[in-house]
Amino acid sequence: MIKFKLGKDDKTILDYSDLAFIRKLTKKMRDPKTRFDPREFVSKGEDYLFNYTNKNVGSVDEKRRRFLKSLIFGIAAAAVVGIIPGVRVLVPPTVTVTSGFPKSLLVDSSGNPIKASSLPVNSPYIVIFEYPMTGEPNFLINLGDASGKPVEIPPTKVVVPQTGKTYDFPGGVGPYKSIVAYSAICQHLGCTPPYIHFYPPQYVGPAQLSAPEPDQLSAQALLAAKQAKVPALIHCDCHGSTYDPYHGAAVLTGPTVRPLPAVVLEWDSSTDYLYAIGAVGVATYPNGSNGIPSTNPTDDLSSSFGSPVGNKTVVSETENPFSS
C-alpha cells in the first residue's frame, strides 16, 4: 500500500492497481501524441481530466472518478507551475535486504540463458527484465569506462536521502564484475522506459541538453556526473531525477529522494549464466498499515502486486532511444 501526500495531510492509500493506473496516466500525459494540456485543465477543471483519462487511458468508472478527484490538488499544482501534470507520490521508504526472493535464470526470448560475457559494454539499448513480479521492469547494464572497457563495480554503501539511512549494494557480477541490474521504475513518480534509461558515456555531454525527449539531460545531471566522476548515468526525463549506476544507483540529482532498488545478481562462472536472486534498497511496493512499510522484503512478493516471474525471466532489448 502506498500513501499519497495531499497538502499537509496524508490521506489516500492506494493499491497496486492504482499505482499502475497512475503510471499509465503519467506516461500518456508525457507522450507528445497524447500530451496533457494544462491550460485546458485550468480552464475546464476535472471535466477535462475525466474526458482526457477516458480517451487515453480507459473508461473512468466511479472508483476511478473518486480516485482522480483525490488527485486534483496535485494535478492542478503541477499544471500551474508548468511541469508534468501529476502528483507528488511519496512512497514511504524502507531499506530491505536480500531474503526470500526466487532465483530466476536470465534468458533470451527463445529461452536460452543469457551469457554474461555476451552483454555489450555501455549498450545504448534499453535492456530490461521483469523481477521478482511480472510488470516490474529492471535494467540490465554492463558498465564500462569512457573508452568502452568494462569497469569493476565494487560493493558500496548507498544513502537514502529521504531518511539518511543506508544499505549495502553488493556490487557488480560477471567476468569483470561490471554487470548490474536496477529497477527501471523511477522512484520519484514511477516513470518507466523510455523516459528513464541508461545514458552511455558518449551521451553524457552538452549535446544532450537540447536533445528531444526522452534523451534530454539537464545541466544539473551533467554537473552531478562530473562531480561524482562517473562517465555514465541513469536519467529520467519526466522530471530530471538522475542516478549513479556505478554506485548502487544512488541519487545524483532530485527530485527523487530514493535510489533505484537494485536486483541482486549471481554469476555462475562455470556456465557464464546470470541469475536474479533478490533485491536490495527501498521497497518498490511497500506494505503495511497506514502506508507504513514493512522491513520484510518478501512483502513485495504479495500476490496483490502481481505474479512471480518464476525460475526464469526473459531479458529483452526494447529499443535504442538515441537512434530516433
Side-chain angles (χ1 to χ4, degrees), residues 97-99 101-134 136-156 158 167-185 193 196-204 230-234 243-250 259-281 297 308-322:
V97 296
T98 303
S99 177
F101 282 76
K103 183 174 182 176
S104 296
L105 175 66
L106 273 57
V107 300
D108 63 20
S109 57
S110 299
N112 301 312
I114 297 291
K115 292 196 173 185
S117 57
S118 70
L119 291 176
V121 178
N122 292 338
S123 173
Y125 281 84
I126 298 174
V127 180
I128 60 174
F129 64 96
E130 295 180 336
Y131 186 84
M133 313 294 278
T134 57
E136 289 190 42
N138 301 276
F139 295 120
L140 182 65
I141 308 171
N142 193 3
L143 288 168
D145 60 17
S147 64
K149 295 181 179 178
V151 171
E152 178 177 340
I153 308 302
T156 190
V158 181
Y167 60 88
D168 294 320
F169 170 68
V173 301
Y176 300 101
K177 298 182 179 179
S178 58
I179 299 172
V180 295
Y182 300 116
S183 171
I185 302 173
I196 179 173
H197 64 85
F198 174 65
Y199 285 68
Q202 65 268 35
Y203 295 104
V204 181
V230 292
L233 46 78
I234 295 172
Y243 306 88
D244 180 352
Y246 297 85
H247 299 92
L260 291 176
V263 174
V264 180
L265 298 174
E266 180 180 280
W267 175 57
D268 185 339
S269 60
S270 65
T271 61
D272 204 23
Y273 296 169
L274 292 167
Y275 298 84
I277 61 172
V280 65
V309 296
N311 59 7
K312 294 182 180 178
T313 182
V314 175
V315 176
S316 59
E317 192 175 80
T318 59
E319 63 180 294
N320 179 354
F322 302 102

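In this text, all values refer to a predicted model and were calculated from it rather than measured experimentally.
- The shortest heavy-atom contact between F198 and P245 is CE1-CG, 4.2 Å.
- Taking the side chain as every heavy atom from C-beta outward, I234 and Y182 approach each other to under 4.5 Å.
- Of all heavy-atom pairs spanning L106 and Y275, the tightest one is CD1-C, 4.0 Å.
- One N or O on the side chain of N138 and one on the backbone of E136 form a donor-acceptor pair closer than 3.5 Å.
- With hydrogens and angles ignored, the 3.5 Å screen pairs no side-chain donor or acceptor of N122 with any backbone N or O of P200.
- Counting only heavy atoms from C-beta outward, the side chains of V263 and F129 approach each other to under 4.5 Å.
- Note on ring orientation: taking the six-membered ring where Trp is involved, the planes of F322 and Y203 are parallel (angle under 30°, cut-offs 30° and 60°).
- For the pairing with F139, the side-chain contact (heavy atoms from CB on, under 4.5 Å) check across V180, V127, I196 returns one residue only, I196.
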Criterion side-chain contact (heavy atoms from CB on, under 4.5 Å) on Y176 and V121, from CA distance to verdict: CA-CA 11 Å; Y176 300 101; V121 178; over 6 Å; no

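- The CD1 atom of I277 lies 13.0 Å from the CG atom of L105; values are rounded to the nearest 0.5 Å.
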Start with the C-alpha distance between L140 and I179, add both sets of side-chain angles, then the distance that settles side-chain contact (heavy atoms from CB on, under 4.5 Å), and finish with yes or no. CA-CA 7 Å; L140 182 65; I179 299 172; 3.8 Å; yes

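- In this structure the side chain of P170 reaches within 4.5 angstrom of the side chain of V280, judged on heavy atoms.
- Here the side chain of S183 pairs a donor or acceptor atom with the backbone of I185 at under 3.5 angstrom.
- Taking the side chain as every heavy atom from C-beta outward, P175 and D272 approach each other to under 4.5 Å.
- Taking all atoms of both residues into account, the shortest heavy-atom contact from T313 to E130 is OG1-O, 2.5 Å.
- Here the straight-line distance linking atom NE2 of H197 with atom OH of Y125 works out to 13.5 Å at 0.5 Å rounding.
- Looking at every heavy atom in both residues, A116 comes nearest to G174 through CB-CA, 4.3 Å.
- Here the side chains of I128 and S316 are in contact, with some heavy-atom distance below 4.5 Å.
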Apply side-chain contact (heavy atoms from CB on, under 4.5 Å) to L119 and L274, showing your working. CA-CA 11 Å; L119 291 176; L274 292 167; 3.8 Å; yes

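- Judged by distance alone, the side chain of Y131 and the main-chain N or O of P102 form a donor-acceptor pair under 3.5 Å.
- Of all non-hydrogen atoms in A250 and P259, the two that sit nearest each other are CA-CB, 4.1 Å.
- In this structure, S118 contributes its side chain and K115 its backbone to a donor-acceptor pair below 3.5 Å.
- Residue V151 comes nearest to G144 through the heavy atom pair CG2-C, 3.4 Å, listed as atom of the first residue, atom of the second, then distance.
- Put simply, the side chain of E152 does not reach to within 4.5 Å of the side chain of S178, judged on heavy atoms.
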I153 and F169: CA distance, side-chain angles, deciding distance, side-chain contact (heavy atoms from CB on, under 4.5 Å) verdict: CA-CA 10 Å; I153 308 302; F169 170 68; 3.9 Å; yes

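- One N or O on the side chain of S104 and one on the backbone of G310 form a donor-acceptor pair closer than 3.5 Å.
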